[in-house]
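Quick notes on the structure that follows.
The shown structure was predicted, so the numbers you read here are calculated from the model rather than taken from an experiment. Reminder, nothing fancy here: chain letters follow the sequence lines and each chain counts from 1.
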Amino acid sequence: MATADPERAGEPEQEQDVVKGRSPWRLGWERLRHDHVAMAAAVVIVLIGLAALLAGVVSDLISHPPDTQYREIGLSPAGVPQPPDSTFWFGTDGVGRDVFVRVLYGTRISLLVGIASSFGAVVLGTVIGMLAGFYGGAVDTLLARALDVILSMPFLLFGVALAAVLGPSLWLVVGVIVFFTLAAVGRIVRGQTLSIREREYVEAARSLGASNRRIMFTEILPNVLAPVLVYASLLVPIAIIFSASLSFLGLGVPPGTPAWGVMLREAIDYYTVAPWLFAFPGGALLLTTLAFNLLGDGVRDALDPKASRLGRAG
Amino acid sequence: MSLLEVENLNVTFPTPDGMLHAVRDVSFTVQSGQTLGIVGESGSGKSVLMQTVMGLTHGARITGQAYFEGQDLLTMTEAERRGIRGARIGMIFQDPLTSLHPHYRVGWQIVEMIRAHGRQTSKRAARARAIELLDHVGIPQPDQRVDAFPHELSGGMRQRVMIAMAMALEPALLIADEPTTALDVTVQAQILELVKWLKDEIGSAVVMITHDLGVVAEMADTIMVMYAGGPVEWAQRRTIYYAPHHPYTRGLLSSLPAGERRSRLDSITGQPPSLITLPSGCPFHPRCPFVMDRCITERPPLRQVAGGNGDGSHRSACWLPIDAVGLGEHVDEQRAAYAHDARGATVHGRFGDAP
Amino acid sequence: MLRFVIRRTLYGVLVIWVISVVVFVLFFVAPRNVARKLAGRQADMSAVEAIREDLGLNRPLLEQYGDFLWGLLQGDLGYSYYSDEPVTDKILDALPISVSLAAGAAVIWVVLGVSIGVLSALRPRTIADRAATTFALFFYSMPTFLLGLLLLYFLFYQLHLVGIDWFPAATYVPLTEDVGQWARHLILPWITLALVLTGTYIRLTRGSMLDALGEDYIRTARSKGITESRVTVRHALRGGITPVVTQFGIDFGTLVGGVLITEQVFGLQGLGYIAVTSVVQGDLPVVIGVVMVASAFTVVASIVVDFSYAVLDPRVRLT
């Protein structure tokens with residue numbers, strides 16, 4: 001335990017404090033760094049992120065824009081999609097577009113939806129949960145009941161209904177996911193806040209005249225952050241799967257967009273003749289959700305060692 | 001033949017930080033009908049020791065022998081051990097609330113014990129026996145309490161249920177692991193009294209594990225004091241209380257509330273050592289007020305101590321002279337002087353001043 | 001006890017009412033032009049108006065909602081804009097399909113999830129445990145529709161190509177007609193739905209079993225000399241099953257109300273299927289009907305879950 005940590009060399013702390021005073025975050029990071037599976041998943045996520053960033057560059061390099069239909073070279077004379085070859089690495093789709101470039105572009109939408117909705121849900125859920133737990137009384141009753149109602153709604157069915165009413169769009173998908181997942185975050189944060197509110201150090205801060213807002217930010221927020229972060233990391237793959245599912249039903253991002261769910265929906269018509277049409281976007285989708293889940297599990301194991309028993313062994 | 005004979009028992013657990021040596025070379029015997037007190041701080045290995053004997057430790061490396069009624073518990077098959085557990089050796093634990101299954105009625109739990117070792121017992125007969133047992137351990141209205149859930153009973157009642165269960169098959173040996181620690185002070189004495197009474201009635205031997213020398217003061221015939229996984233002192237009860245040898249035993253004694261026993265050694269400072277990286281030499285030396293050079297380099301073996309019962313049954317693992325036994329300032333001065341001579345350095349005369 | 005049931009039921013009704021308001025408002029905030037759709041592209045304004053009049057879409061919102069609520073209280077969910085069929089009939093036709101799908105899959109995922117979870121917890125950190133957790137994570141990360149497509153491709157299409165038709169394309173054969181055919185036609189959807197959920201149950205069971213196995217009462221059970229299998233099942237599993245039951249109640253309640261994606265992939269016309277179809281068509285009465293029924297199932301499931309706490313754990317008191 002008392003291993004010297006070069007990163008801390010410059011910090012003005014006593015030797016023995018290095019062991020006792022190491023923050024849970026630093027301990028968590030130490031544990032995460034030694035979790036090979038989680039680190040491998042992080043590398044995969046970085047690569048996926050790079051693919052998203054460089055989709056345009058790659059598309060320019062091989063001069064295959066994502067929406068160009070290569071009806072001459074991309075389709076057989078009978079109009080059948082072409083299997084993977086040296087020109088079209090992942091083959092072509094039903095209208096002769098380059099699947100490789102479209103899969104690359106698809107990373108953008110998946111990451112955007114996954115991260116944006118997870119972030120939105122965590123921010124809103126934390127605010128609602130903290131307000132409900134901190135103020136209690138009528139505020140709490142109202143907010144907690146509202147969260148209950150949200151949790152009682154059939155998530156996917158409502159998503160479908162909303163998407164149909166408001167028309168398919170990327171931001172609507174994000175909004176739907178945020179709305180339905182903030183309730184779970186809110187519940188966690190509310191519970192934590194309720195218990196922290198009663199602790200001595202909060203009482204102490206209050207007796208010293210700290211304002212409610214100050215107490216919430218300096219005493220309560222840091223203590224709810226760890227579970228919330230764990231939840232956020234596990235929310236990303238859920239959001240990605242949800243948005244792909246909506247797109248698959250034709251109710252997510254608009255048809256024609258290079259998103260994995262859309263591509264998979266388009267692949268159904270060709271699944272007997274062109275299995276690559278669902279192999280590549282499907283593989284990319286699965287790889288992404290797997291990587292995020294593995295990293296999420298690692299983060300949970302690292303920040304909450306007790307809960308680690310729920311997940312992978314080591 | 002002794003009822004239980006443990007020889008050179010070692011228990012180590014592999015951990016990410018290294019091997020944890022929980023029990024280190026422990027040997028002792030328990031005679032039929034006798035009571036052995038095993039005393040030590042938490043982390044001294046006393047619980048692991050007895051759980052290993054019962055075959056309840058998992059993932060550990062175990063060496064040594066533990067003969068119960070002539071058979072080695074450590075080499076027999078799990079099925080053979082199962083036949084002994086509960087039937088021949090009963091166990092009660094520290095916290096009766098968590099030790100009883102919260103989802104089953106107490107009667108069910110006692111019936112399970114009875115029927116585990118006697119399939120031919122009918123459920124009806126086992127239930128009648130359970131009620132009888134509850135009555136026997138002093139639970140009022142046993143025919144109603146038999147259908148109570150553990151959370152519906154008080155702490156003392158729960159421990160009585162545990163005792164009724166452990167004693168159901170009249171075992172030859174009862175292992176009581178801190179049976180009073182989780183209870184109210186007023187209830188503790190009643191529970192000890194009950195154990196003592198049942199033991200005499202059934203004629204069982206008892207191994208009483210505790211951190212509190214006061215608990216075994218009334219009932220133990222022999223006491224083994226453990227520190228950092230190993231035995232440091234072994235003697236008849238009277239000897240331990242009136243003529244202890246090991247400074248650790250003296251520290252435990254002086255932390256007892258009884259006023260007359262309080263010497264000028266107030267309490268033991270510091271923490272028990274990590275069982276992964278033990279101190280060199282005597283594992284107690286960093287906390288010992290009489291530490292000598294030899295203690296730091298050489299681990300003291302269990303040696304016979306002078307006096308005591310005169311039968312050589314008083315043994316201690318300490319480098320202090322074998323006649324430095326007893327309590328009081330006189331002995332302290334004697335020890336301090338010896339430590340001073342042996343070390344040739346400043347004397348750390350008080351536990352309170354030890355580094 | 002009675003107080004709990006009454007309180008919980010009233011609360012459930014309140015939740016369903018709130019949901020009905022949300023759905024109703026939602027569809028009128030941004031209405032799809034159903035009348036225009038029904039009338040067809042070439043129709044003139046008067047035809048569209050006539051249809052609107054006919055469907056009652058011209059009346060004030062509150063009045064329409066009042067009618068809807070009044071109908072709801074009488075168990076009448078209105079008529080489909082498209083087929084004029086009573087919504088109740090449509091739902092009653094679709095319900096057996098969704099229930100069949102959910103119930104069959106539930107058997108598979110509970111048996112698989114709990115048994116793998118238990119075995120995994122008994123041997124933590126062994127190869128078998130790691131394999132189980134990897135399996136769990138893999139299917140947990142798998143989008144349902146992707147797994148459905150994969151199974152269709154390999155187990156239906158590829159096998160079909162070599163002349164093996166073990167898994168027929170999913171069409172619904174009512175249970176009352178032919179049990180064998182009912183099951184045979186539902187095998188692929190069952191596997192799809194079950195595998196996707198098994199991961200959650202493996203993880204949940206493994207975790208709560210590990211917690212339970214660490215409890216003091218397990219040590220007591222072992223000290224009694226009962227068999228290890230009895231310790232595992234009667235003591236540890238009994239002690240750790242509550243979270244699994246909770247999760248099951250919620251999952252099953254949600255699924256009975258419509259297995260949207262699996263039904264879509266396999267073309268099974270259950271509640272989820274008609275929900276998606278009606279949503280796309282803007283067939284408001286059907287959408288509201290399905291949402292109400294699905295919400296009711298969720299609410300009932302959550303009441304049953306609360307109730308099961310008290311059954312499973314004598315320490316819980318219902319108030």
Problem set entry | Engaged part of Tyr140(C) at the chain A interface, taking heavy atoms whose separation is under 4.5 Å | both
Problem set entry | Toward chain C, the part of Leu285(A) with a non-hydrogen atom under 4.5 Å | side chain
Exercise. Does Arg265(A) make a cation-pi contact with Phe145(C), if we ask for NZ or CZ under 6.0 Å from the ring centre and within 45° of the axis?
Worked result: no
Exercise. Should the heavy atoms of other residues, nucleotides or ligands under 6.0 Å from CG of Leu10(C) be counted, would the total exceed 12?
Worked result: yes
Problem set entry | chain A contact via Val18(C) - which portion, at a heavy-atom distance below 4.5 Å | side chain
Exercise. Does any heavy atom of chain A fall under 4.5 Å from the side chain of Tyr157(C), the backbone, both, or neither of them?
Worked result: side chain
Exercise. When heavy-atom pairs shorter than 4.5 Å are enumerated against chain C, which of Val160(A), Leu151(A), Ile238(A), Ile150(A) gives the highest number?
Worked result: Val160(A)
For this session: Output the option from Val149(A), Leu249(A), Leu290(A) having the highest count of non-hydrogen pairs under 4.5 Å with chain C.
Result: Leu290(A)
Problem set entry | Toward chain C, the part of Phe242(A) with a non-hydrogen atom under 4.5 Å | neither
Exercise. Checking heavy atoms, do the side chain of Ser302(C), its backbone, both or neither come under 4.5 Å from chain A?
Worked result: neither
Exercise. What is the minimum heavy-atom distance between Leu286(A) and Pro143(C), and which atoms define it?
Worked result: CD1-CD, 4.5 Å
For this session: Nearest 0.5 Å please: distance from the CG atom of Leu137(C) over to the CG atom of Leu294(A).
Result: 4.5 Å
Problem set entry | For Ser141(C) against Thr289(A), the heavy-atom pair lying closest together | O-OG1, 2.7 Å
Exercise. Out of curiosity, Phe248(A) CZ to Leu260(C) CG, how far, rounded to the nearest 0.5 Å?
Worked result: 11.5 Å
Exercise. How about Phe307(C): does its CZ atom have over 12 heavy atoms from other parts shown lying under 6.0 Å from it?
Worked result: no
Seminar exercise, completed: So CZ of Phe278(A) and CG of Leu146(C): to nearest 0.5 Å the spacing works out to 8.0 Å
Exercise. What distance separates Leu246(A) CG from Ile261(C) CD1, expressed to the nearest 0.5 Å?
Worked result: 7.5 Å
Exercise. Rounded to the nearest 0.5 Å, how far does CD1 of Ile241(A) lie from OG1 of Thr144(C)?
Worked result: 7.5 Å
Exercise. Using non-hydrogen atoms only, which part of Leu149(C) is less than 4.5 Å away from chain A: side chain, backbone, both, or neither?
Worked result: both
For this session: Please flag which part of Ile240(A) lies under 4.5 Å from any non-hydrogen atom of chain C: side chain, backbone, both or neither.
Result: neither
Problem set entry | CD1 on Ile268(A) to OH on Tyr153(C), rounded to 0.5 Å | 14.5 Å
For this session: Answer whether the closest heavy-atom distance between the side chains of Val22(C) and Met153(A) falls below 4.5 Å.
Result: yes
